[in-house]
2 protein chains.
Amino acid sequence: MWWGRVGAMTEQPALTPAAERVLEVVEKLFYDNGIHAVGVDMIAAEAGVTKKTLYDRFGSKDAIVRLYLERRDVRWRAHVTGVVEQSGRFGPRRRVLLMFDALESWMAAENPRGCAFVNALAELPDPDHPARPAIAGEKQWVLDYLRQLVRDTGARNPRKLAASLFMLFEGATVAASLDVVAGAVAGARDAARQLLDAAL
Amino acid sequence: MWWGRVGAMTEQPALTPAAERVLEVVEKLFYDNGIHAVGVDMIAAEAGVTKKTLYDRFGSKDAIVRLYLERRDVRWRAHVTGVVEQSGRFGPRRRVLLMFDALESWMAAENPRGCAFVNALAELPDPDHPARPAIAGEKQWVLDYLRQLVRDTGARNPRKLAASLFMLFEGATVAASLDVVAGAVAGARDAARQLLDAAL
DNA sequence: CGGCAAGTAAACCGACCGGTATATCTACTC
DNA sequence: GAGTAGATATACCGGTCGGTTTACTTGCCG
């Protein structure tokens with residue numbers, strides 16, 4: 001299984017139960033409502049934790065935002081690799097297209113409001129915000145993963161093809177969350193197949 | 001010149017000078033900082049207007065947000081149609097690809113932080129927010145415009161092709177703002193050309 | 001047994017949130 | 001010249017923002 005530069009992500013190992021609860025509730029609160037719209041008082045109340053504990057564990061709201069994105073990224077990568085590397089041993093061409101199947105199930109299950117990282121970027125214009133590396137890291141991982149899968153197919157110009165597939169991928173996420181195109185992800189997969197076959 | 005369902009947008013005709021100043025400054029404030037991050041006091045101060053005047057003219061911050069997006073949409077459509085329908089009379093295939101040239105110049109000039117409508121959607125989870133129609137309207141217009149251009153080429157399955165181009169379009173916007181792919185929009189245009197030529 | 005980390009409860013900080021109040025001034029129009 | 005629309009200035013509303021503080025309790029571990 002190819003995990004890419006997952007080593008760039010440092011997950012602190014032992015979280016206290018209260019801290020764990022905080023990170024569990026912010027996943028839903030931040031994704032559903034946006035980051036600015038959720039105050040620390042709401043987080044503390046929803047997690048059944050006092051603000052004192054919250055600040056003792058994390059130090060700042062920004063740190064919680066960073067952890068929120070890092071943990072979502074871990075779940076996302078596990079989902080994608082789980083689908084792509086699933087039981088049956090598929091050929092490299094099929095595995096590229098499985099990326100879009102992974103996206104489709106992710107959208108239905110966890111992503112109805114679009115990409116959490118794109119949404120977070122919209123709310124965090126500061127280039128020095130501690131959560132920025134998590135945002136850039138997720139996108140870079142998807143691109144790198146696509147590049148690897150494309151390279152395995154032996155396609156011509158794999159970097160350029162991977163970039164095109166990446167854009168179809170991100171565009172399908174936007175289109176699906178906006179509900180403006182029916183069957184957006186399936187359509188993106190069909191387009192990806194065309195581009196892929198033309199490069200083989 | 002084909003303007004699509006622009007009639008759906010009602011622009012009140014006579015704005016007072018103070019109101020005009022408000023809408024001018026929020027364009028930059030909202031896009032650069034996000035919507036929640038900009039308070040009405042900041043808007044009033046930046047426009048050189050009192051909060052009283054602001055509320056007399058617009059009634060609520062949400063109404064200002066709606067107008068912000070509607071006015072940006074007007075500028076965006078004018079930019080796109082201006083590029084696509086420019087002086088030289090191009091063929092339908094070329095005009096489809098000009099959409100991506102329009103996007104490229106727009107990104108450089110006005111859109112470094114990504115699509116204002118996607119960003120706004122990230123901050124406005126309420127389906128009943130008064131700005132929601134402006135967001136849906138912009139995306140629908142782009143899709144409809146692409147459909148019309150594709151139809152003119154005589155391509156097979158124009159609706160499906162337009163949907164694929166739409167996703168490349170949105171994905172290129174995301175990729176360009178994230179700066180993760182070099183030459184994102186140009187790459188998307190190349191992929192669009194491939195899909196288009198395969199359907200002719 | 002002593003110490004410490006983790007937790008609760010609740011008040012407090014200055015600043016800002018969206019929105020409203022009263023009162024005054026100016027400029028244009030019937 | 002009276003009326004009115006648009007603007008000004010300024011103070012205020014209750015509530016929330018991110019963040020801090022003090023005081024006390026709990027449970028584990030050496």
Side-chain angles (χ1 to χ4, degrees), chain A residues 11-69 120 122-126 128-132 134, chain B residues 11-27 29-69 120 122-126 128-132:
Chain A
E11 8 177 355
Q12 60 264 56
L15 285 170
T16 66
E20 192 63 52
R21 254 179 294 147
V22 167
L23 293 182
E24 268 165 30
V25 302
V26 296
E27 177 105 14
K28 184 167 180 51
L29 287 176
F30 282 154
Y31 183 76
D32 288 348
N33 304 105
I35 293 169
H36 282 327
V38 177
V40 287
D41 296 276
M42 187 190 298
I43 295 172
E46 206 74 19
V49 163
T50 58
K51 288 172 69 177
K52 171 82 160 58
T53 298
L54 195 151
Y55 276 93
D56 284 348
R57 296 297 129 247
F58 302 105
S60 71
K61 182 187 179 184
D62 284 345
I64 298 176
V65 171
R66 187 185 109 245
L67 288 170
Y68 150 61
L69 291 171
E123 293 202 71
L124 308 175
D126 176 12
D128 296 324
H129 192 284
R132 279 294 196 99
Chain B
E11 8 178 355
Q12 60 262 57
L15 285 170
T16 65
E20 191 64 51
R21 254 178 293 146
V22 167
L23 294 182
E24 267 166 30
V25 301
V26 295
E27 177 105 13
L29 287 176
F30 281 154
Y31 184 75
D32 289 348
N33 304 105
I35 292 169
H36 282 327
V38 177
V40 287
D41 296 276
M42 187 190 299
I43 295 171
E46 206 75 18
V49 161
T50 59
K51 287 173 70 177
K52 173 76 162 61
T53 297
L54 196 151
Y55 276 92
D56 283 349
R57 297 295 129 246
F58 301 106
S60 72
K61 183 189 178 182
D62 284 345
I64 298 176
V65 171
R66 188 185 108 244
L67 288 169
Y68 150 62
L69 291 170
E123 292 201 73
L124 308 176
D126 176 11
D128 297 324
H129 192 285
R132 278 296 196 97

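Heavy-atom basis, side chains included; hydrogens, waters and symmetry copies ignored. Numbers restart at 1 for each chain; the letters A, B, ... are given by sequence-line order, proteins then strands. All of these numbers come straight from a predicted model, not from anything done at the bench.
For residues 29-39 of chain A, every residue pair satisfying the salt bridge (charged side-chain N to carboxylate O under 4.0 Å, His left out) rule, not counting sequence neighbours, is listed here: A:Lys28-A:Asp32.
In this structure, B:Met42 places its CE atom 6 Å from P of C:dC17, rounding to the nearest Å. Note: CG (A:Leu15) to C1' (C:dA6) measures 13 Å, nearest angstrom.
Remark: B:Tyr31 engages B:Asn111 in a side-chain hydrogen bond (donor to acceptor under 3.5 Å, both in side chains) (not counting sequence neighbours). A search for salt bridge (charged side-chain N to carboxylate O under 4.0 Å, His left out) contacts involving A:Glu24 returns nothing, not counting sequence neighbours. For B:Glu20, the side-chain hydrogen bond (donor to acceptor under 3.5 Å, both in side chains) partners at least two apart in sequence or on another chain are B:Arg71. Residues that satisfy the side-chain hydrogen bond (donor to acceptor under 3.5 Å, both in side chains) test with A:Thr50, not counting sequence neighbours, are A:Thr53. When the side-chain hydrogen bond (donor to acceptor under 3.5 Å, both in side chains) test is applied to A:Asp62, the partners found at least two apart in sequence or on another chain are A:His129.
Sorted by residue number, the list of members of residues 32-41 of chain A with any non-hydrogen atom under 4.0 Å from DNA chain C is empty. Annotation: proximity of residues 44-53 of chain B to DNA chain C (heavy atom, distance under 4.0 Å) is found for B:Lys51, B:Lys52, numbered in ascending order.
Here the side chains of B:Val22 and B:Phe58 are in contact, with some heavy-atom distance below 4.5 Å.
Of all nucleotides in DNA chain D, those with any atom nearer than 4.0 Å to a heavy atom of chain A start and finish, going 5' to 3', at D:dC17 to D:dT22.
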Identify all side-chain donor-acceptor contacts of residues 33-41 of chain A below 3.5 Å with residues at least two apart in sequence or on another chain.
{"residue": "A:His36", "atom": "NE2", "partner": "A:Glu123", "partner atom": "O", "Å": "3.2"}
{"residue": "A:Asp41", "atom": "OD1", "partner": "A:Lys51", "partner atom": "NZ", "Å": "3.2"}

